[in-house]
Each structure stands twice: as C-alpha cells, then as structure tokens.
Protein chains: 2
Amino acid sequence: MDVRTLCLGALMGGEATGYEIRKMFEDGTFSHFQIASLGSIYPALTKLTQDGLVTFVEHEQENRPDKKIYQLTSEGRRSFLRTLLQTRPGEDRYRSDILFMLTFAEEMPLELTEALIDEFAARHQMMSQQIDPDKDDGTDAQGSRWHDEDGNPKPGCCFVAGLGQAMCDATLKFIRENKQGLLDQLKNYKANKS
Amino acid sequence: MDVRTLCLGALMGGEATGYEIRKMFEDGTFSHFQIASLGSIYPALTKLTQDGLVTFVEHEQENRPDKKIYQLTSEGRRSFLRTLLQTRPGEDRYRSDILFMLTFAEEMPLELTEALIDEFAARHQMMSQQIDPDKDDGTDAQGSRWHDEDGNPKPGCCFVAGLGQAMCDATLKFIRENKQGLLDQLKNYKANKS
DNA sequence: GATTGACTATATCGAATTGATATATGATAG
DNA sequence: CTATCATATATCAATTCGATATAGTCAATC
C-alpha cells in the first residue's frame with residue numbers, strides 16, 4: 001500500500017494539510033499500524049493533485065508559511081474506495097530493533113538487557129495511552145478521526161484501536177511476568193560459561 | 001538499524017549463505033520482528049566483505065549455482081558487539097495494510113470486512129505456530145538459532161519468541177471476542193444511515 | 001535578555017530499501 | 001508434459017526514508 005493511497009485514506013476523514021497528515025501517522029489515528037514520512041507525503045500530494053484525486057486551497061497566514069489545505073475530490077473518494085475493494089492487503093510486518101538486540105542478550109551486559117526491556121515497556125505503555133479513542137471528543141477539527149460527522153464513533157476505528165491496545169497490554173503483561181526470569185536465566189547462563 | 005548490521009547479527013549464530021540469511025528474516029528466527037530482502041542483503045554482504053567484517057568460501061556445486069558461505073571475521077564479531085552497545089535502538093514500528101483498511105469498514109461491504117479479519121487472524125495463527133522455539137532441535141544446521149553450540153536454549157531468543165507468541169495470542173483472543181460485535185455494530189451503523 | 005529547543009509548515013534530495021526480474025536447475029505435483 | 005516451487009546469486013528501477021533548509025512563533029531556561 002503506497003503513500004498515495006495512505007494519503008487518500010487520511011483525507012477520507014476530512015480536509016488536512018500535509019503536516020497534519022504526517023501527524024496522523026506519527027501520533028494520531030494511524031500511528032500504531034502505518035507509517036509515512038514528510039519526504040513521501042508531499043510528493044504524493046503533488047502527484048494526487050496532478051491526477052485530480054485531491055484539490056487544495058492555499059491559506060495565506062500572517063507571519064507564517066502558507067498552508068495548503070487538501071481535500072478529496074469525488075473522483076479521489078471513488079478511487080480510494082475502489083482500491084479498498086480491489087487491493088490484496090500487503091503482509092503485516094512488525095519491525096523492532098529492541099527485540100532484535102535482545103536476541104543477543106547473552107552477549108551484552110545485564111544492565112543493557114534490562115534497560116532495553118524497560119524502554120520497550122515504556123514505549124508500549126505510551127502507545128497504549130495514545131491509542132485511547134475516548135480522547136477524541138469530536139470537537140477538535142484537527143484531531144484524530146474516530147468519529148463521523150454525527151459524532152458517532154466509527155466501529156471500524158474502535159475495533160482497530162482496541163486491537164492495538166490489546167497487543168500493547170499483552171506485551172506489558174508478558175514483560176511483567178517474564179523480565180525477572182530472563183535476567184535470572186542470563187545470570188546462570190553467564191556463570192556456566194565462565 | 002541497517003541491513004549490514006542485521007546481516008552481522010544473522011551470522012552471529014554461525015555461517016550462512018545470503019539466501020539462508022533472507023530465510024531467517026522471511027520464515028526463521030527473526031521473521032516476526034525484522035525484515036530484509038535479497039535486494040538489500042546481497043549488496044550488504046559485498047560491502048561487509050570489502051570492509052573485512054565477513055569472509056566467504058565459494059562452494060561449487062554440480063548443476064547448481066555456486067554457493068557463497070559467509071562467516072563473521074573476529075573483527076566483524078567485535079564490530080557487531082560494539083554496535084549493540086552503542087546503538088540507540090530505532091522506534092518499533094508495526095505496519096499493517098489490513099488494520100488500515102479495517103479503519104474504513106463503514107465504507108465497505110460486510111463480507112469484505114469479515115474476510116479481512118479472518119485473514120488477519122489466519123496470518124497471526126500461522127505466525128504463532130512458526131515462532132515455536134521447540135521446533136528447533138539444534139541438529140538442523142541451516143535452521144533457526146535458538147540454541148547455542150552446547151544445545152542450550154538461548155534465554156534472549158526464548159524471551160523474544162515468547163513475547164511474539166503472547167502478541168499473536170492476544171490478537172487472536174481479541175478477534176474471537178470482538179469480531180461478531182463489530183459486524184453487528186456495522187449492520188446497525190449502516191441501517192441508521194439509510 | 002538571550003539563547004535554546006519545540007511546534008507549525010512546506011519543500012527537496014541523497015541514500016537506503018523494496019520488489020520485481022533475470023538466470024539456471026532439480027524436484028514435485030497436477 | 002507442464003506448471004510451480006525451492007535453491008542460489010545478482011541487478012535495477014521505483015519507492016520511501018531521514019536529514020536538511022527555510023522561516024516564524026512561543027515557552028523555558030540560564
């Protein structure tokens with residue numbers, strides 16, 4: 001799923017600037033299961049404009065850089081929905097440097113292992129809190145898009161958010177239950193080697 | 001964490017060909033938390049050879065393309081361990097087209113929503129089984145590397161594998177408990193709109 | 001009162017990575 | 001008898017990332 005499609009999806013919830021779209025992937029609605037950087041979003045929006053799938057209004061601001069507020073065209077909306085129906089979703093991929101590094105726990109000092117696990121837990125703790133759909137009350141125009149125009153929560157979004165939280169919680173639970181055990185095993189393991 | 005570092009890590013468990021390294025990221029040891037494609041692995045190995053961090057022996061095979069079996073040099077091993085100690089691990093990122101698409105469940109036919117959820121569950125089911133560290137009995141030279149030379153399971157690897165399974169299980173549990181609820185909500189949601 | 005860092009906002013570009021393709025052959029399945 | 005898959009390396013265009021440039025506001029710290 002390329003960045004152009006992701007941008008169309010981001011604009012399904014209403015108008016937004018490129019910067020706001022990045023925030024949806026960085027902090028907001030999509031942050032825990034998709035990624036897109038500014039370096040790919042801006043070219044994507046330019047291309048989409050050329051193809052007539054989005055339009056933008058330029059808002060000149062005093063003492064601030066101009067704002068380009070993008071919006072789906074009806075053609076863009078149709079195109080996105082067609083993509084949804086026709087695309088075979090790509091594989092799920094989870095990428096974690098910390099887990100990769102922990103694979104080599106035997107080769108590093110115990111303190112580093114513990115620090116990595118703690119950092120991993122802290123990140124998931126933060127993510128779990130960030131996902132919470134209740135924080136979006138529908139009044140914040142630039143906020144996330146868990147609710148539709150009538151203020152009803154969108155079932156699909158709630159499901160995905162709940163799934164994300166369940167994964168975070170499972171991760172935290174596993175760490176609570178197994179961190180000390182790992183550290184003890186590592187101590188033994190290292191004692192045996194020397 | 002770049003592909004060169006990932007290759008060094010893959011070779012920490014013993015010698016391997018480029019093809020086998022890809023398998024570790026595709027099916028094997030690292031498959032559920034790191035990715036690397038052949039198009040990046042081969043150039044990385046070439047570069048690592050030039051830098052003296054790995055060496056390879058070319059095995060000519062009858063009626064088969066030559067095999068280059070790569071191995072860490074002691075310099076390569078030291079370099080990798082240094083990287084482990086010095087690198088700040090990059091952010092964890094989870095990427096899922098299916099979850100992104102499910103965000104727009106309101107806009108698609110119910111059957112597609114259900115199919116996407118089922119596919120998501122099936123993938124995680126498969127992953128959960130694939131992770132199982134017991135399948136590696138230490139006799140398979142080309143298999144995964146959950147065990148060290150003495151046949152002892154590596155605590156770090158077991159921890160990471162367990163964490164992966166816990167995440168899969170949590171995902172499957174969530175789907176079991178919430179799939180039907182979502183489908184029902186979507187039915188109501190759509191009825192309200194028309 | 002001054003500098004530092006964080007936030008809003010767009011844009012560009014080199015470097016890294018993906019994903020597809022080419023090449024070659026054996027084995028297995030339909 | 002013909003796909004398709006597995007082994008194995010290699011290359012390359014297209015995509016995407018990550019860093020940087022620009023530019024102004026605001027808050028905090030020193």
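Protein atom CZ of A:Arg22 is 8 Å distant from nucleotide atom P of C:dT8, rounded to whole Å. If you take CG of A:Asp27 and P of C:dC7, they are 9 Å apart, rounded to a whole angstrom. Rounded to an integer number of Å, the gap from CD of B:Glu58 to C1' of D:dT9 is 10 Å. The CD atom of A:Glu91 sits 13 Å away from the P atom of C:dT18 (whole-angstrom rounding). The distance from atom NZ of A:Lys67 to atom C1' of C:dT8 is 8 Å, rounded to the nearest whole Å. Rounded to an integer number of Å, the gap from A:Glu26 CD to C:dC7 C1' is 13 Å. One can place CD of B:Gln34 at 15 Å from C1' of C:dT18, the figure rounded to the nearest angstrom. Rounded to whole angstrom, the span from the CD atom of B:Glu15 across to the P atom of D:dA8 amounts to 13 Å.
B:Ala44 and B:Arg4 make their closest contact through CB-CG, 3.8 Å (heavy atoms, listed as atom of the first residue, atom of the second, distance).
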Do any N or O atoms of the protein come closer than 3.5 Å to N or O atoms of nucleotides 15-22 of chain D, and which pairs are they?
unit_1, atom_1, unit_2, atom_2, d
D:dC17, OP2, A:Ser37, N, 3.4
D:dC17, OP2, A:Ser37, OG, 3.3
D:dC17, OP2, A:Ser40, OG, 2.8

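OP1 or OP2 of D:dT9 lies within a sub-4.0 Å distance of a side-chain N or O belonging to B:Tyr42. Look at B:Thr17 and you won't find any side-chain N or O under 4.0 angstrom from OP1 or OP2 of D:dT7.
Shown here is A:Lys190, whose NZ atom has more than 12 heavy atoms of other residues, nucleotides or ligands within 6.0 Å. Around atom CD of A:Glu91, no more than 12 heavy atoms belonging to other residues, nucleotides or ligands sit under 6.0 Å away.
Using a 4.5 Å heavy-atom threshold, the side chains of A:Leu81 and A:Leu84 count as touching. Taking 4.5 Å as the limit, every side-chain heavy atom of B:Lys23 sits out of range of all side-chain heavy atoms of B:Phe25.
Within the structure, salt bridge (charged side-chain N to carboxylate O under 4.0 Å, His left out) contacts touching residues 94-112 of chain A (residues at least two apart or in different chains) are A:Glu107-B:Arg77.
Between B:Phe33 and A:Tyr94, the ring centre distance reaches or exceeds 6.0 Å.
The listed nucleotides are C:dA9, C:dA11, C:dT12; the one nearest the side chain of A:Pro43 is C:dT12. For A:Tyr19, the listed nucleotide lying nearest its side chain is C:dC7; candidates were D:dA8, D:dT11, C:dC7.
Within the 4.0 angstrom heavy-atom criterion, only backbone atoms of the sugar-phosphate kind lie near B:Lys23; the bases stay farther away.
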